[in-house]
Every structure is written in C-alpha cells, then in structure tokens.
Amino acid sequence: MTFKITAKDNDSVARCGIIQTDHGAIETPIFMPVGTVGSVKGIYHKDLKDDIKAQIILGNTYHLYLRPGLEILKQAGGLHKFSSWDKPILTDSGGYQVFSLAENRKLSTDGCTFRSHIDGSKHTFTPENNVDTQRIIGADIIMALDECCPGDADRKYAEKSLKLTQSWLERCVKQFNHTEPLYGYNQSFFPIVQGCIYPDLRREAAEQAASLNRDGYAIGGLSVGESTEMMYEMIEVVHPILPIDKPRYLMGVGTPANILEGIARGIDMFDCVMPTRNGRNGMIFTWEGMINIRNKKWSDDFSLVDQNGTSFVDKQYTKAYLRHLFIAGEMLAAQIASEHNLAFYLEVIRTAREHIMMGDFVKWKNKVVKKLETKI
RNA sequence: GUGGAUGUAGUUCAGCUGGUUAGAGCACCAGAUUGUGGUUCUGGGUGUCGUGGGUUCGAAUCCCAUCAUCCACC
C-alpha cells in the first residue's frame, strides 16, 4: 500500500491524497461505510459502488470470526471473494466489540477472553491469533488489537489500559511481520493510538506507533463518552507526532460535522455506523441539517427526501412516503435511509476534497458545519 | 320477541367485596444513539370509565333506565 499527498489546504493541515492498494485506489479524505459481517446492511454492492460511490468498506473481525467463522472464510478465499466485493476492505480487530458487545470479557496481558453475544461460547483474542484471523479474512488494511478505553476512565485506569494496548501492539507487529498474506495481495497493518483524554498518554501512544513505521495510523478511543471538544483536542495532540506522509484514520467518527472538523485537523479516513444505524432508526442527514423522518410533521410533506441529494432515492421518494414506510415497519425504509445517508456522507467528503484542492476548505467548512449540526 | 354476556386509552385488557391525581402491554408522540446485535435506551397518558338518572361523605365499582355489540333460544 502506498499513500501520496496530492493537495494541501491553505488555512489548515487538511490534505488530499491517494491510497493505492492491490484492490484499487482510495481518494482521501474518505469515509468508509461499515459492513460488519461482510455486508453494508440493506445495500447492494452495485449501489455501494455506482450510487453511493464507496471506495472502501469496513469488515469486523469480531463478527466474522464468530460467523461464518474462519474455516468458511478460508475456503471462500477471503472476504473479498466470499462477499464479491472487489474494492478495498479494512477490518477492525474486534477490540471495540469486545468492549461494547461481549459478555464477561476479561483482559489479561495475554489477550482478551469474552463470551459470544450469539451463543455465549467462550473465546480468546490474543494479538497473535487476532492478526492471523485478519490474515484469513484478508482485508487490505488490518487493525491492531487494542483496548478501547472508555471516555470517562480515570487516570489510573487509562495508564493501565494504554500499557496493555502498547504491549499488544508490539506483539501484533511482530506477528504481522512474521506472517504472509494468504491470497496473493498485500495487507497493511495500522497501529491504534489510545490514551483516553490524557494528552501525555496520547503523545506516548503516538510516539510508539510512529516508531513502528507502518503504512498508516489510527486514532482510537474517541467518541466513546468524552466531549466533542476533547475529541478534537486529542487529535491535535497527536497530529505533530504521527508521520505526516502516512494516512491517519479516526476510528468510529462521526457526524458530518465531526468528520469535517477531523479533516481540518489532518485526518484522512473515517468510519461510522451513524449513517446506517441511525438511518435505520429514521435519522436523515442533509446539507440543511438532520431530520427525524419519523416525526409526525413529515406525514404530509410530499417534497423529495433530499432535494439536493445525489442518490437515486433522493429523487424518487418523498418525505411523506419514507415516513410512512418507517411507521409501517417496512424494510425498504431502512434501505432508503441507509442509501441516502451513505451517499450523503460520501458527497460531503467528496466536496471536502474539492475545497482542499481549491485551498478554501476551512472557510467552506466553517460555513456548512453549523447547518449540518442543526435539527430540522 | 325471550334469556344471557360484555361495554374502561388507538388496541388488547387489569382494576377484588365502593376510598387519594383510573393502570399495564402493544400502538402512538418525542428525545438519545459515533471502530453496527436489523438494535437498544429515555421520556410522554393521548381517558365524558357506552349514555342518562339514582344511592352514598365518596361510584369505573352498587341500583334503575337506556343504547350498542355478541351468544343462545323462539
């Protein structure tokens, strides 16, 4: 994998670039739709490519490991072939899922033991077997196994947590260096910078990550309970430490406004469940703001879902109809909302790239952020 | 026509022998959701207790009438 910076903003550290992988190029900044089990919920690959214009999607080690399991993925020849997605894939290690989903999780220096949310069975992720697992899934970019420290963790906990993440990181890198990709194309390994909301811990984590000389770097453990301001501050803290010529990935973020603020602080990659999960719950993102399409006020609004939208659903369906589908519990509702939101996210980030190239990103960002954050 | 049963929130119902501001599930209305469990969580009662009288300090609850629906029988 290579990364080439192609443009820089005039008034911020925002930049445009191209990540080249064996499954094709990715223009950055980029938003990566989340496809937990090898599927972006409710969306055909065809729409993901042609309508939404996704350039890379996420898969999840935790989920794929539990279902369909490594044996099937290996037989299938990896996730690309299994799911018939031929563009880049990034897999999250599952550190976050163990933190957010699994029952009875136990962390030790060796790894983390947890119970499956599906059948209660007991499993252990170690840095070594987690890298092996992501080799089997076969993503283009694989992530370090980490502990996602809660945003409100106290200093003592955060220190202990970071120590664990750092020791796991070293072992992940070692395992990655000692193993080969299984399916004939290259894989890159991204460390994850933790450190909770403590600047010195973040710096320490970023320094260790930078010293490993990888293809890209992730910032994790944000948007997990801390304030938005604190999140931006932590990005700024690690910014000068991470290698400037490598992509930075802010994990799990966020709203369109969060993403633009992240770009202004040098972030190149984002992923978030919000456009899809919140979409399934009736939240629609637009340039005018966020709307809850379930609200009664839309019941007789026969205007288009999004007048300025780029997706085919925006021009085909009305707000009143979409609300009706939600209230009636139709699965088409979730599909339309997801399709629209993802297309919108990709459009926002595409427009951001344009403004970086023109050099007026900050000015533009400051103008649109307020609107993006309003509720209508 | 006769006999019986039932009428309480949008809906299905709970409210014992009379006792503060009539409750529950679902639905509905609103809010939350940030490295996805097709979720989950939080808040809101939206009611002339079929109607009209009566008994009582006090009635969804007891009595009378009436209306509606259902069942059985002629």
Side-chain angles (χ1 to χ4, degrees), chain A residues 31-43 56-64 66-67 89-103 114-120 130 134 139 141-151 165 190-194 217-228 230-232 248-259 261-262 267 269-283 285 290-299 323 326-335 337-338 341-342 345 373 375:
Chain A
F31 177 79
M32 309 181 281
V34 177
T36 313
V37 297
S39 135
V40 176
K41 295 184 193 302
I43 307 291
I56 171 173
I57 62 172
L58 240 75
N60 203 283
T61 304
Y62 172 89
H63 293 281
L64 291 165
L66 291 176
R67 220 166 28 190
I89 296 176
L90 177 152
T91 41
D92 185 21
S93 63
Y96 184 81
Q97 280 60 47
V98 170
F99 149 81
S100 71
L101 298 180
E103 305 267 322
F114 57 91
R115 284 187 183 280
S116 158
H117 67 281
I118 298 165
D119 62 4
N130 189 261
Q134 294 189 74
I141 300 172
I142 74 176
M143 302 303 301
L145 182 67
D146 64 340
E147 185 196 359
C148 184
C149 188
T165 290
F190 283 20
I192 302 174
V193 174
Q194 290 286 346
Y217 301 87
I219 302 171
L222 292 176
S223 64
V224 286
E226 82 289 357
S227 72
T228 308
M230 187 60 83
M231 171 169 85
Y232 297 149
R248 290 115 189 263
Y249 164 28
L250 179 58
M251 305 185 79
V253 174
T255 63
N258 292 157
I259 288 174
E261 295 298 350
I267 303 294
M269 305 163 72
F270 301 86
D271 80 283
C272 190
V273 301
M274 216 175 241
T276 38
R277 183 198 276 160
N278 289 26
R280 287 196 299 279
N281 269 312
M283 191 168 179
F285 295 89
M290 301 174 280
I291 76 180
N292 182 351
I293 199 67
R294 300 184 67 110
N295 285 174
K296 201 178 182 73
K297 63 182 172 187
W298 307 113
S299 64
R323 174 180 195 269
F326 266 107
I327 299 300
E330 286 293 309
M331 48 184 183
L332 183 58
Q335 291 182 264
S338 298
N341 282 343
L342 287 176
Y345 265 62
E373 281 179 323
K375 280 170 199 153

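Chain letters run A, B, ... following the sequence lines, proteins first and then strands; every chain starts at 1.
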Problem set entry | Short side-chain to backbone donor-acceptor contact, Asn341(A) and Met283(A), under 3.5 Å | yes
Seminar exercise, completed: Separation between CZ (Arg323(A)) and CZ (Arg294(A)), nearest 0.5 Å, reads 8.0 Å
Exercise. How long is the line joining CZ of Arg280(A) and P of A32(B), in whole Å?
Worked result: 18 Å
For this session: Indicate, with a heavy-atom threshold strictly under 4.0 Å, whether Ile118(A) touches base, sugar-phosphate, or nothing.
Result: nothing
For this session: For Gly42(A), report the nucleic acid contact type (base, sugar-phosphate, nothing); a contact means any heavy atom under 4.0 Å.
Result: base
Exercise. How long is the line joining CZ of Arg67(A) and P of G37(B), in whole Å?
Worked result: 11 Å
For this session: Considering only atom C1', compute the distance from C16(B) to G50(B) and round it to an integer number of Å.
Result: 24 Å
Seminar exercise, completed: note: Asn295(A), atom CG; C29(B), atom C1'; distance rounded to Å ~ 9 Å
Exercise. So which nucleotide from A32(B), U33(B), C29(B) ends up closest to the side chain of Asn278(A)?
Worked result: U33(B)
Exercise. Side chain of Asn292(A), base of G31(B): donor and acceptor closer than 3.5 Å?
Worked result: no
Seminar exercise, completed: Scanning all shown strands, the Watson-Crick or wobble mate of G7(B) with both distances under 3.5 Å is C67(B)
Problem set entry | Separation between the P atoms of U69(B) and A30(B), rounded to whole Å | 36 Å
Seminar exercise, completed: One should read off an interatomic distance between Ile43(A) CD1 and Ile57(A) CD1, to the nearest 0.5 angstrom, of 11.5 Å
For this session: Considering only atom P, compute the distance from U40(B) to A27(B) and round it to an integer number of Å.
Result: 11 Å
Problem set entry | Nearest-angstrom distance, C1' atom, U11(B) to G1(B) | 35 Å
Problem set entry | Candidates G35(B), A32(B), C29(B) - which lies nearest the side chain of Ile327(A) | C29(B)
Problem set entry | Pairwise distance CD1(Ile219(A)) to CZ(Phe190(A)) - rounded to 0.5 angstrom | 12.0 Å
For this session: Check RNA chain B against residues 33-41 of chain A and give the residues with a non-hydrogen atom under 4.0 Å, in numerical order.
Result: Val34(A), Thr36(A), Lys41(A)
Exercise. Which is true for Asn258(A) with a 4.0 Å heavy-atom rule: it touches a base, it touches only sugar-phosphate, or it touches nothing?
Worked result: base
Exercise. Looking for any heavy atom pair under 4.0 Å, which part of the strands does Leu90(A) touch: base, sugar-phosphate only, or nothing?
Worked result: nothing
Problem set entry | Distance, nearest 0.5 Å, that separates CG of Asp92(A) from OH of Tyr249(A) | 6.0 Å
Exercise. Base, sugar-phosphate, or nothing for Gln335(A), non-hydrogen atoms under 4.0 angstrom?
Worked result: nothing
Seminar exercise, completed: Using Watson-Crick geometry (N1-N3 plus N6-O4 or O6-N4) or G-U wobble (N1-O2, O6-N3), each under 3.5 Å, G43(B) is paired with C29(B)
For this session: Hey, which sits more toward the 5' end of RNA chain B by its nearest nucleotide, Lys296(A) or Ile192(A)?
Result: Lys296(A)
Exercise. What does A59(B) pair with, Watson-Crick or G-U, if both distances are under 3.5 Å?
Worked result: none
Problem set entry | Interatomic distance where CD belongs to Glu373(A) and P belongs to A32(B) [whole Å] | 13 Å
Exercise. Would you call the rings of His117(A) and Tyr62(A) parallel, tilted or perpendicular, where under 30° means parallel and over 60° means perpendicular?
Worked result: parallel
Exercise. If you pin Asn281(A) and Gly95(A) to their nearest nucleotides in RNA chain B, which one's is more 5'?
Worked result: Gly95(A)
Problem set entry | Flag for Tyr232(A)-Asn258(A): side-chain donor and acceptor within less than 3.5 Å | yes
Exercise. Could you state the CE-P distance from Met283(A) to G31(B), rounded to the nearest angstrom?
Worked result: 10 Å
Problem set entry | Rounded C1' spacing from U46(B) to C26(B) in Å | 15 Å
Exercise. Using the P atom in both, what is the distance from G45(B) to G25(B), to the nearest Å?
Worked result: 13 Å
Exercise. Looking at CG of Asn278(A) and SG of Cys272(A), how far apart are the two atoms once the value is rounded to the nearest 0.5 Å?
Worked result: 7.5 Å
Seminar exercise, completed: Atom NE2 of His117(A) and atom P of G38(B) are separated, to the nearest Å, by 7 Å
Problem set entry | Atom C1', compared across G47(B) and A9(B): separation rounded to whole Å | 5 Å
For this session: Tell me what Met143(A) touches on the nucleic acid: a base, only sugar-phosphate, or nothing, going by heavy atoms under 4.0 Å.
Result: nothing
Exercise. Distance between the P atoms of U34(B) and C41(B), in whole angstroms?
Worked result: 15 Å
Problem set entry | Interatomic distance, Arg294(A) CZ vs U33(B) P [rounded to whole Å] | 16 Å
Seminar exercise, completed: Taken to the nearest 0.5 Å, the spacing of Ile142(A) CD1 from Asn130(A) CG works out to 8.0 Å
Problem set entry | Donor on one side chain, acceptor on other, Thr165(A) and Gln194(A), under 3.5 Å | no
For this session: In whole angstrom, give the distance that lies between atom CE of Met231(A) and atom C1' of G35(B).
Result: 13 Å
Problem set entry | C29(B) phosphate, OP1 or OP2, under 4.0 Å from Arg323(A) side-chain N/O | yes
Seminar exercise, completed: Across every strand shown, the nucleotide meeting Watson-Crick or G-U wobble geometry with G18(B) (both distances under 3.5 Å) is none
Problem set entry | Who pairs with U2(B) - Watson-Crick or G-U, where each distance is under 3.5 Å | A72(B)
